[in-house]
Amino acid sequence: MSATLTATSGIADAPANRPEYKVTFARVVRSEWSKFLSLRSTWITLAVAALLLVGIGIMGAYRYDPSALRGPSADAHDAVTIALRSTELAQLALGVLGVLATAGEYTTGLIRSTLAAVPKRLPVLGAKVLVYFGVVIVVATVGAFLSFLGGEPFLHGKAIALTLSSSGVLRCLFGAGLYLALIAVLGAALGMLVRSVAGGISLLVVLLMLLPVFLDILPSSWKPDVSPYLPGLEGGAGGSIIALHQGSGTLSPGAGLAVLCAWVVAALIGAAYRLLRSDS
Amino acid sequence: MIEIQHLVKRYGDKTAVDDLHFTVKPGVVTGFLGPNGAGKSTTMRMILGLDAPTSGSVTVNGKRYAQHAAPLQEVGALLEARSIHPGRSAYNHLHALALTHGIPRRRVDEVIELTGLGKVAKKRAGAFSLGMGQRLGIAAALLGDPQTIMLDEPVNGLDPEGVLWIRTLLTNLAEQGRTVFVSSHLMSEMALTATNLVIIGRGRLMADTTVADFIDQAGGDSVKVVSADSARLREVLLGPDVTVTGEAGSETLAVSGLSARQIGQAAADAGIAVFELTPQAVSLEEAFMTLTGDTVEYRSNAGSASQTGAPEGSVAA
Ligand SMILES: Nc1ncnc2c1ncn2[C@@H]1O[C@H](COP(=O)(O)OP(=O)(O)OP(=O)(O)O)[C@@H](O)[C@H]1O
Ligand SMILES: [Mg+2]
């Protein structure tokens with residue numbers, strides 16, 4: 001009791017000799033990095049994504065049976081496809097990670113503290129994008145390589161076996177890391193746009209997984225024209241980035257990356273607009 | 001120094017803040033009073049730039065809040081709604097805020113110590129009690145050692161020791177020459193801590209005054225005296241700064257400007273028997289309600305249940 005009361009007198013030195021504080025972008029990045037490190041939920045989500053990526057990839061290689069007509073690897077034509085099949089699930093975990101980074105601040109109310117410290121606002125979005133892109137590209141790239149390398153011994157000697165030095169393999173593995181990092185950023189942008197975790201996740205699932213299904217019920221002539229320009233994996237821009245061989249009607253890896261980046265940038269512009277314009 | 005000029009905020013067709021115009025000066029505690037829904041929290045959010053004014057402007061220490069290079073060093077604020085992530089510890093929350101400004105870890109430890117959070121600083125903030133959460137908010141407000149401190153209902157949820165602590169804190173901060181702006185619905189609480197008062201109702205400015213003037217206008221403190229000869233006692237007591245009121249022929253007088261002790265002594269010296277001598281504190285709460293009475297948004301309707309014929313003791317839907 002008395003401890004807290006006497007402490008009040010030590011509150012502060014006279015306002016005259018004040019230290020020089022200043023908000024800089026580098027400091028906002030450091031703050032967002034510290035926020036990222038200090039939440040258990042981000043670690044769990046990241047670990048789940050990494051486990052899915054590596055575990056399912058290796059399991060696919062272990063269970064591969066060239067004579068199977070059904071099953072997990074029935075339509076796999078190469079070892080990269082098997083290793084990266086897990087991207088489909090990992091993208092959800094990493095997209096959710098991105099949504100939580102931004103929408104989570106609104107649902108908890110933390111955003112008011114954050115914006116009181118950084119009232120110019122845009123640096124907060126920029127710093128979050130940098131931190132999450134940086135973390136996810138490292139984790140996802142390492143995961144993609146582990147998935148491929150871990151599955152390699154099981155496929156050894158089989159027709160579809162590939163090594164890191166096979167043509168196009170490195171491009172696919174790095175592509176998967178880049179794709180997943182961009183999806184995390186997309187999630188962060190959508191989360192800031194709708195300011196709700198549930199809303200952000202729904203929007204992400206619609207964009208990545210439901211739109212391709214939805215295309216199936218439209219006139220069949222539309223699908224080939226629209227599908228390659230969707231952000232997701234199934235026939236979309238993401239698929240072009242991580243597939244070893246481009247299917248007919250899909251984009252080249254470079255064009256696929258450009259299309260995905262356009263989606264991410266569009267979402268970021270929407271997020272920045274809402275961040276600057278709406279009350280918090 | 002907070003300068004608010006013709007500030008208006010509308011949410012849809014609801015006007016939450018209606019042409020507010022006042023200045024909060026450094027060196028004293030300024031109380032910000034108003035009934036529920038008067039617009040206090042909305043005004044404070046606009047001061048921080050969290051909500052954009054519909055029209056008008058607000059500056060802190062001469063600039064818009066967002067224009068400052070180190071905003072946390074200009075204004076430290078405790079907002080009404082919790083502004084923390086429940087999964088992060090108090091320490092990590094404060095540290096993340098400190099990092100944006102280059103505020104050293106040492107200062108984080110200092111404010112934790114200062115607000116009495118030492119024992120729980122490493123625990124998840126989501127598990128904090130109302131009072132602990134409030135202390136964490138105050139710790140965040142003090143983090144940048146700000147020139148201006150703005151607290152939205154700081155005593156909310158604090159125990160008596162905490163309330164006392166807040167009073168001492170606010171007074172100390174003002175004595176150091178800082179601007180201290182504190183909202184409350186309790187006039188009696190503000191009368192103890194504040195020097196200046198800004199009173200609003202339905203978003204409009206009702207009074208921009210001092211606690212002393214407010215008490216004076218409310219009738220000041222007086223003493224009720226019942227005596228054998230009120231006419232003669234009146235003569236005895238009257239003097240500069242002393243007012244005596246009472247009906248002719250009544251034994252009762254109301255005296256202001258003298259203490260009960262002085263009155264008793266004067267009566268004894270004059271040989272007048274005194275039957276009753278009672279100090280009457282003005283009810284600041286009543287004066288406050290009279291002032292804002294017409295503007296109360298959410299009036300409680302006592303007895304409405306019996307009017308609508310509902311059986312006694314039934315729970316209103
Ligand atoms: N984001 C918002 N959207 C719509 N209306 C709002 C919003 N924020 C506040 N209001 C309305 O504005 C008015 C003022 O609210 P405010 O919270 O500022 O009052 P207050 O003086 O802080 O009240 P209290 O003493 O209950 O905390 C209320 O009628 C409230 O319903
Ligand atoms: Mg309020």
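Quick note on labels: first sequence line is chain A, next is B, and so on, each numbered from 1.
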What option among [options] has the most heavy-atom pairs under 4.5 Å with chain B?
options	answer
L110(A), L37(A), T24(A), T107(A)	L110(A)
G104(A), A26(A), A117(A), P123(A)	A117(A)
R40(A), K22(A), E20(A)	K22(A)
S278(A), A116(A), S34(A)	A116(A)

Residue part contacting chain A, namely of [X], when any heavy atom lies under 4.5 Å:
X	answer
A77(B)	neither
H93(B)	side chain
Y91(B)	neither
A140(B)	neither
L79(B)	side chain
R64(B)	neither

Measure distances from [X] to the heavy atoms of chain B and classify the residue's part below 4.5 Å as side chain, backbone, both or neither.
X	value
R121(A)	side chain
S41(A)	neither
V118(A)	side chain

Please check: side-chain N/O of [X] versus main-chain N/O of [Y], any donor-acceptor pairing under 3.5 Å?
X	Y	result
T100(B)	A96(B)	no
Q147(B)	T179(B)	no
T42(A)	F36(A)	yes
R112(A)	R82(B)	yes

Relative to chain A, which of [options] shows the most heavy atom pairs under 4.5 Å?
options	answer
N92(B), L48(B), V111(B), V75(B)	N92(B)
H85(B), R88(B), Q67(B)	R88(B)
G162(B), A70(B), S83(B)	S83(B)
L97(B), L72(B), I84(B), L143(B)	I84(B)

Is it the case that more than 12 heavy atoms not belonging to [X] sit under 6.0 Å from its [atom1] atom?
X	atom1	value
R167(B)	CZ	yes
Q5(B)	CD	yes
Y273(A)	OH	no

Check your understanding: Is it true that K63(B) and E74(B) have a side-chain N and a carboxylate O under 4.0 angstrom from each other?
Key ->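 So K63(B) does not pair with E74(B) through a salt bridge.
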**Study point:** Aromatic plane relationship, F22(B) with F32(B) - under 30° parallel, 30 to 60° tilted, over 60° perpendicular
**Key:**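 Correct class here is tilted.
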Practice item. Supply the atom-to-atom distance I201(A) CD1 to L92(A) CG, rounded to the nearest 0.5 angstrom. Key: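 Answer rounded to 0.5 Å: 9.0 Å.
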Review point. So how far is it from D152(B) CG to S183(B) OG, rounded to the nearest 0.5 Å?
Key: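 Reported to 0.5 Å precision, the distance equals 3.5 Å.
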